[in-house]
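Take a look at the structure set out below.
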Amino acid sequence: MTDEATRLIALAREAARHAHAPYSNFGVGAAVLLTDGTVVTGANFENASYGLSLCAETVAIASASAQGRLSDVVAIGVIGGVIRDGAVTGSDVVRPCGRCRQVINEAAQIGGRDVRVHCAGAQGDAVNSYTLSQLLPDAFGPADLGIGVKG
Ligand code: THU
């Protein structure tokens with residue numbers, strides 16, 4: 001595992017402790033690395049009206065955007081697992097859902113870089129690392145609308 005992956009997975013695991021997931025009982029944490037080394041985290045945020053629920057990656061990317069840092073995203077760590085006795089558990093590797101891949105792509109294209117995506121479980125040493133373009137090839141995004149792409 002790279003230092004970057006180790007750091008982001010550790011912070012994503014911490015963030016997942018604040019998952020609001022009483023309906024699915026599945027906690028997810030995300031940690032977004034910015035160009036200056038700052039990390040912005042998020043956890044899934046469910047709603048009693050189930051379909052309104054927000055994924056951890058979306059919360060974290062939106063939070064980075066709210067801090068004016070959407071174009072500075074270089075990598076994201078994602079973990080998830082079943083909540084048991086208040087703790088997120090399990091060592092199965094969790095990868096971003098399709099909608100979150102599209103959300104990460106917004107940051108990737110606005111920033112003009114292929115975001116690295118590190119995926120792990122809530123526990124254990126297994127980490128799978130990808131680039132966003134591997135997870136979402138030939139993506140539709142801001143570039144198609146002629147918007148804000150650097151470089
Ligand atoms: N979830 C995420 O936070 N990220 C993903 O990429 C996949 C799913 C959340 C949504 C819901 O709160 C719970 O996991 C179960 O689907």
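Here, residue 1 is the first one in the sequence, and each next residue gets the next number. Every number for a ligand or one of its atoms is a count from 1 in the order of the listing. Only heavy atoms go into these numbers, but all of them, side chains included; no hydrogens, no water, no symmetry mates.
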query: Hey, mind stepping through I61 and V73 against side-chain contact (heavy atoms from CB on, under 4.5 Å) and telling me if it holds?
result: CA-CA 8 Å; I61 294 281; V73 173; 4.3 Å; yes
field: Under 3.5 Å side-chain donor-acceptor pair for S49 and N47
entry: no
query: Are the side chains of L8 and R116 in touch, meaning some heavy atoms are under 4.5 Å apart?
result: no
- request: List the steps, then state whether side-chain contact (heavy atoms from CB on, under 4.5 Å) holds for R13 with I9.
  value: CA-CA 6 Å; R13 285 174 172 165; I9 294 303; 3.7 Å; yes
- prompt: Can you list the other members of the hydrophobic cluster that holds Y50, where links are side-chain heavy atoms under 4.5 angstrom apart?
  reply: Y23
Contacts table for ligand 1: protein N or O within a distance under 3.5 Å of ligand N or O, distances only.
residue: ligand 1; atom: 3 (O); partner: A56; partner atom: N; Å: 2.9
residue: ligand 1; atom: 4 (N); partner: E57; partner atom: OE1; Å: 2.8
residue: ligand 1; atom: 4 (N); partner: E57; partner atom: OE2; Å: 3.4
residue: ligand 1; atom: 6 (O); partner: E57; partner atom: OE1; Å: 3.4
residue: ligand 1; atom: 6 (O); partner: E57; partner atom: OE2; Å: 2.6
residue: ligand 1; atom: 6 (O); partner: C97; partner atom: N; Å: 2.8
residue: ligand 1; atom: 12 (O); partner: N44; partner atom: ND2; Å: 2.9
residue: ligand 1; atom: 12 (O); partner: E46; partner atom: OE2; Å: 2.5

query: Just checking, is any N or O donor in the side chain of E14 or T41 under 3.5 Å from an acceptor N or O on the other one?
result: no
